[in-house]
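Here is the structure we will look at, set down as structure tokens.
We name chains A, B, ... by the order of the sequence lines, and we start the count at 1 in each one. All values below were derived from every heavy atom in this structure, side-chain atoms included, with hydrogens, water molecules and symmetry-related copies excluded.
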2 protein chains.
Amino acid sequence: MRIGELADRTGTSRRLLRYYEEQGLIVSQRCANGYRSYDDRFADRVLQIRGLLDAGLPTRVIKQVLPCLDKPRAIVFSDATPEIIETLSQELERMQRRIDALTRNRDAVTEYLDEVRAQARPATEVAA
Amino acid sequence: MRIGELADRTGTSRRLLRYYEEQGLIVSQRCANGYRSYDDRFADRVLQIRGLLDAGLPTRVIKQVLPCLDKPRAIVFSDATPEIIETLSQELERMQRRIDALTRNRDAVTEYLDEVRAQARPATEVAA
DNA sequence: TGAAACCTTCACATCAGTGTGAAGGTCAAG
DNA sequence: CTTGACCTTCACACTGATGTGAAGGTTTCA
């Protein structure tokens with residue numbers, strides 16, 4: 001698959017796909033003519049990257065996190081330097097804090113919306 | 001409390017406090033000499049803002065979300081225009097997606113770290 | 001053969017959240 | 001009265017994620 005198809009499949013601009021490659025988040029094969037060529041499983045990978053980015057992780061961190069997440073573990077033992085482990089632990093904490101903040105605020109917004117709706121409806125249901 | 005103290009209490013630079021004010025996230029009283037003056041409860045507010053920013057919400061959205069989160073509801077009915085409600089609903093979805101992505105990846109990282117540690121320890125415990 | 005639709009690299013632009021620092025006002029303490 | 005530690009506004013700089021578009025190569029199809 002070439003870059004255009006990957007872009008279409010993932011809803012990601014070509015520009016960004018090249019950017020992710022530049023940042024070391026994905027790699028590409030090259031055809032004889034220089035065109036990038038991607039394996040099918042890259043669609044998921046790109047989506048995962050988007051999710052992590054949207055979740056607030058910078059590409060620098062994603063680059064370290066990603067290889068640990070591939071399901072058929074390729075690098076459990078090999079590349080797991082103490083530094084990587086340390087970075088990952090820290091990042092885990094930050095993710096947890098983000099989750100907490102998001103959850104708290106999601107709940108608050110939900111509650112608010114519920115109140116507003118509960119207050120809008122009865123007025124028409126009961127009074128009508 | 002003046003800006004310096006608020007900055008110290010919240011671990012936020014003065015620059016950013018002014019920026020948040022500029023973006024309409026906080027307001028300040030002014031002393032006779034022009035210095036900003038803050039109520040004690042602003043510390044929490046700033047922390048909440050930091051949390052939301054870190055969670056990926058832009059100031060534009062935070063500005064809309066924040067007033068709905070104040071606990072003694074000041075604006076349940078009054079300012080709840082349909083547009084605000086709509087924005088909030090959408091933002092709620094985005095927050096949920098972020099939470100999901102973060103949770104998924106947190107779990108994956110946790111699992112990875114567990115595996116690495118489980119593989120590092122027995123080697124020394126059992127073999128020793 | 002030439003147009004359309006891909007692709008390449010490169011460079012400059014934008015936006016938000018920040019930092020940094022200049023130029024200057026205020027106030028308390030020596 | 002001066003010094004130091006605050007404060008003010010303003011403006012420019014940076015970073016990271018993105019858009020845009022130029023200048024040019026490749027492939028396909030009429």
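- Within the 3.5 Å criterion, the main-chain N or O of A/A101 finds a donor-acceptor partner in the side chain of A/N105.
- Nearest nucleotide to the side chain of A/R18, out of C/dT9, C/dT18, D/dA17: C/dT9.
- Classification of B/E111 and B/R117 as a salt-bridged pair fails, no side-chain N sitting under 4.0 Å from a carboxylate O.
- Between atom OG of residue B/S13 and atom CD1 of residue B/I3 there is a gap of 8.5 Å, rounded to the nearest 0.5 Å.
- Checked against C/dG17, C/dG19, D/dT18, the side chain of B/R15 finds its nearest nucleotide in C/dG19.
- Looking at A/R15 and A/E21, no side-chain N of the basic residue comes within less than 4.0 Å of a carboxylate O on the acidic one, giving no salt bridge.
- Minimum atom distance to the side chain of B/I3 is reached by D/dT8, of the listed C/dT18, D/dA17, D/dT8.
- Taking the side chain of A/Y19 as heavy atoms from C-beta on, and the options C/dC7, C/dT18, D/dG16, the nearest nucleotide is D/dG16.
- Checked against D/dA17, D/dG19, C/dC6, the side chain of A/S13 finds its nearest nucleotide in D/dG19.
- Although no hydrogens or angles enter the test, the distance criterion places a donor-acceptor pair under 3.5 Å between the side chain of B/R45 and the main chain of B/L25.
- In summary, A/R9 and A/E5 engage in a salt bridge, as defined by a charged side-chain N under 4.0 Å from a carboxylate O.
- Within residues 29-53 of chain B, the residues that place at least one heavy atom under 4.0 Å from DNA chain C are, in residue-number order, B/N33, B/Y35, B/L53.
- Between the CG atom of A/L6 and the C1' atom of C/dC6 there is a distance of 15 Å, rounded to whole Å.
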